[in-house]
Engineer: 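One structure, pasted below without further comment.
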Amino acid sequence: MNQPANLLDYRTKSEHLLIGLMSGTSLDGIDAALVAIRTDEQGEIADVTLRDFFYMPYSEDLREWVMSLCSVETARLDQLTAVHYGLSEWYAHAVEQLIKQANVTAEEVDAVCMHGQTIWHIAGRTPFPGPTGMTEVRASLQIGELSTLAERTGIPVVGNFRARDLAADGEGAPLVPYADYILFRDPQKGRLLQNIGGIANVTVLPAEESIEKVVAFDTGPGNMIMDQIVQVMTEGRLRYDAGGEIAASGTVSQELLDRLLQDPYYQIQPPKSTGREVYGKAFAQELLAQATQLGISQADLLATVTALTATSIANAYKQFVLPTTKVEEVIVSGGGAHNQTLLRMLQSQLPAEITVTTTQQFGMPDDAKEAVAFAILGHETLMGRPSNVPSVTGAKRAVPLGNICF
């Protein structure tokens with residue numbers, strides 16, 4: 001077991017080795033990144049290196065259990081409790097496999113930094129009976145027990161990252177922009193870091209600006225609706241549209257797309273966030289019913305929802321970013337970075353001077369960025385430094401994120 005209460009030792013070191021764990025709203029599996037972080041004499045991050053990466057897919061049984069928890073119609077309290085602890089057995093296995101693959105020992109790893117699995121995210125505030133009458137609270141639930149992971153691996157764990165930002169009256173999301181700033185800021189180029197997981201979110205990095213000028217928000221659905229449509233089309237044989245090939249065979253229904261783009265979420269000013277509770281299974285089922293009524297084939301429906309993701313992203317840029325920020329590059333990460341049809345649709349809707357590329361072109365696997373990001377956030381927590389970005393989440397102040405479990 002790594003020795004507890006070594007925060008002072010951690011903070012006086014210049015070389016750190018951490019594991020970042022991410023399991024996103026696509027509910028496909030666990031991304032595990034072994035990350036080396038070097039700090040300067042002031043303790044600031046000087047360099048971040050991805051040392052190794054491991055992906056472990058969820059089993060179909062686990063995926064169904066987690067999916068059922070993401071709906072008020074099917075969630076069960078007993079199952080939620082079991083999954084909260086059981087997921088950490090999966091996280092521990094992913095850590096063990098990554099360590100083995102990278103040929104390092106658990107003793108060499110300073111901490112595991114775990115995002116957890118989002119089950120329910122409440123955008124904005126929700127009414128709650130407080131001690132002095134009705135009030136409003138912010139709330140978001142990511143499950144996966146830190147103590148189980150620490151006990152199984154023998155490595156300190158940092159997790160529950162969103163709670164402190166929520167307590168500071170922020171949205172609790174997105175949190176990755178802090179890491180985007182560390183990894184991708186450029187003194188000459190304005191960049192948009194577009195993650196396309198289950199939900200799509202963008203980080204705006206203006207050239208030569210401080211982190212206080214960073215803006216980020218969820219643009220809307222990412223792969224979530226597309227994946228659900230594919231699963232229905234193939235009766236579960238496929239979980240996603242590999243490379244966007246099925247969507248490429250269909251034709252976009254402009255009528256349905258225009259209808260979908262009337263969603264009020266797209267007009268909300270940032271900061272804002274959304275999730276599976278809005279664009280999950282129930283949304284996809286209603287969409288399938290609408291397509292049937294309109295006589296839209298399944299291939300055409302998939303093309304249309306792929307266009308919805310691309311168009312909602314492009315529209316978000318045009319409405320909330322490009323009027324005030326010069327942008328040269330859009331850098332895509334997440335599962336959507338593999339969908340060539342989606343990337344072509346996005347590029348076609350942007351000004352010619354903006355290039356769409358992926359994090360792979362910067363030496364980072366497209367699926368690894370968010371796991372790397374949580375290693376960075378965990379590092380800052382261990383250093384005692386804030387890593388939320390109030391201009392992104394709407395929090396009243398910058399705060400250290402996460403709980404530490406030795």
Side-chain angles (χ1 to χ4, degrees), residues 24-29 57-68 70-71 73-74 194-200 218-263 265-266 274-316 332 334-349 356 366-367:
T25 52
S26 290
L27 306 182
D28 54 351
Y58 283 165
S59 68
E60 190 58 39
D61 285 345
L62 176 61
R63 188 172 181 278
E64 288 179 1
W65 276 48
V66 176
M67 179 78 79
S68 72
C70 299
S71 168
E73 287 78 19
T74 57
Q194 180 68 54
N195 181 67
I196 308 178
I199 295 297
D218 289 351
T219 57
N223 303 315
M224 190 176 290
I225 304 172
M226 293 183 278
D227 291 351
Q228 190 66 41
I229 299 300
V230 168
Q231 289 163 41
V232 170
M233 287 176 63
T234 65
E235 297 180 341
R237 293 189 303 276
L238 298 176
R239 289 185 177 177
Y240 60 93
D241 182 12
E245 292 181 2
I246 303 174
S249 72
T251 301
V252 174
S253 166
Q254 195 61 48
E255 178 183 357
L256 181 57
L257 178 59
D258 289 344
R259 185 183 300 181
L260 293 171
L261 289 171
Q262 298 304 308
D263 186 333
Y265 179 79
Y266 302 132
T274 188
R276 184 171 289 278
E277 64 282 349
V278 177
Y279 297 110
K281 189 174 183 179
F283 184 95
Q285 289 174 336
E286 172 61 26
L287 193 52
L288 283 160
Q290 290 183 40
T292 299
Q293 291 176 351
L294 294 170
I296 298 171
S297 72
Q298 290 184 334
D300 289 352
L301 176 59
L302 185 57
T304 303
V305 295
T306 303
L308 173 65
T309 293
T311 305
S312 58
I313 291 171
N315 286 353
V332 182
H338 304 293
N339 188 323
Q340 297 304 311
T341 301
L342 174 60
L343 296 184
R344 285 194 299 270
M345 287 180 172
L346 177 58
Q347 180 71 82
S348 71
Q349 297 188 57
V356 176
D366 299 327
D367 298 322

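If you're wondering where the values come from, they're calculated on a predicted model, not measured in any experiment.
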Engineer: Enter the distance from Asp227:CG to Asp241:CG here, rounded to the nearest 0.5 Å.
Structural biologist: 9.0 Å

Engineer: Go through Leu287 and Tyr279 one step at a time and tell me if the side chain to side chain contact (heavy atoms under 4.5 Å, CB included) criterion holds.
Structural biologist: CA-CA 10 Å; Leu287 193 52; Tyr279 297 110; over 6 Å; no

Engineer: How about Ile196 and Gln194: do any of their side-chain heavy atoms sit closer than 4.5 Å?
Structural biologist: yes

Engineer: Is the closest side-chain heavy-atom distance between Ile229 and Met226 below 4.5 Å?
Structural biologist: no

Engineer: Determine yes or no for a side-chain-to-main-chain donor-acceptor pair under 3.5 angstrom, with Ser71 supplying the side chain and Met67 the backbone.
Structural biologist: no

Engineer: For the pair Gln285 and Gln228, evaluate side chain to side chain contact (heavy atoms under 4.5 Å, CB included) and give the outcome as yes or no after the intermediate values.
Structural biologist: CA-CA 9 Å; Gln285 289 174 336; Gln228 190 66 41; 5.8 Å; no

Engineer: Hey, what do you get for CD (Gln298) to OG (Ser249), rounding to the nearest 0.5 Å?
Structural biologist: 11.0 Å

Engineer: Quick one: pull up OH in Tyr58 and CZ in Arg239 and give me the separation to the nearest 0.5 Å.
Structural biologist: 11.0 Å

Engineer: Is any side-chain heavy atom of Ile296 closer than 4.5 Å to one of Leu256?
Structural biologist: yes

Engineer: Under 6.0 Å from the CD atom of Glu60, do we count more than 12 heavy atoms belonging to anything else shown?
Structural biologist: yes

Engineer: Strictly distance-based, threshold 3.5 Å: is any side-chain N or O of Gln347 a donor or acceptor partner for the main-chain N or O of Val356?
Structural biologist: yes

Engineer: Output the distance between atom CD1 (Ile199) and atom OG1 (Thr219), rounded to the nearest 0.5 Å.
Structural biologist: 8.5 Å

Engineer: How many angstroms lie between CG in Leu260 and CZ in Phe283, if you round to the nearest 0.5 Å?
Structural biologist: 5.5 Å

Engineer: Just wondering, do Tyr266 and Thr311 contact through their side chains at under 4.5 Å, heavy atoms?
Structural biologist: no

Engineer: Gly335 and Asp367: which non-hydrogen atoms are nearest, and at how many Å?
Structural biologist: N-OD1, 3.7 Å

Engineer: Check whether any side-chain heavy atom of Tyr240 sits under 4.5 Å from a side-chain heavy atom of Val230, and report yes or no.
Structural biologist: no

Engineer: Which atom pair, heavy atoms only, marks the closest approach of Leu343 to Ala337?
Structural biologist: CD1-O, 3.4 Å

Engineer: Under 4.5 Å between any side-chain heavy atoms of Leu27 and Met224, yes or no?
Structural biologist: no

Engineer: Which heavy atom in Thr25 sits nearest to a heavy atom in Gly198, and how many Å separate them?
Structural biologist: OG1-CA, 3.2 Å

Engineer: Can a donor-acceptor pair be found between the side chains of Gln262 and Asp258 at a distance below 3.5 Å?
Structural biologist: no

Engineer: Evaluate the side-chain proximity of Arg344 to Asn339: yes if any heavy-atom separation is below 4.5 Å, no if none is.
Structural biologist: no

Engineer: Measure across Ser253 and Thr304 and return the closest heavy-atom pair with its distance rounded to 0.1 Å.
Structural biologist: N-OG1, 2.9 Å

Engineer: Counting distance only, does the side-chain N/O of Asp218 pair as donor-acceptor with the main-chain N or O of Gly220 below 3.5 Å?
Structural biologist: no

Engineer: Between Asp300 and Thr251, what is the shortest heavy-atom contact and its length?
Structural biologist: OD1-N, 2.7 Å

Engineer: Are the side chain of Glu64 and the backbone N or O of Leu62 linked by a donor-acceptor pair below 3.5 Å?
Structural biologist: no

Engineer: Side chains of Ile246 and Met233: does their closest heavy-atom pair fall under 4.5 Å?
Structural biologist: yes

Engineer: Please name the pair of heavy atoms, one in Ala291 and one in Leu301, separated by the smallest distance, quoted to 0.1 Å.
Structural biologist: CB-CD2, 3.9 Å

Engineer: Between Glu245 and Thr341, is the side chain to side chain contact (heavy atoms under 4.5 Å, CB included) condition met? List the steps.
Structural biologist: CA-CA 7 Å; Glu245 292 181 2; Thr341 301; over 6 Å; no

Engineer: For the CG atom of Leu308 and the CE atom of Met345, what is their distance to the nearest 0.5 Å?
Structural biologist: 10.5 Å

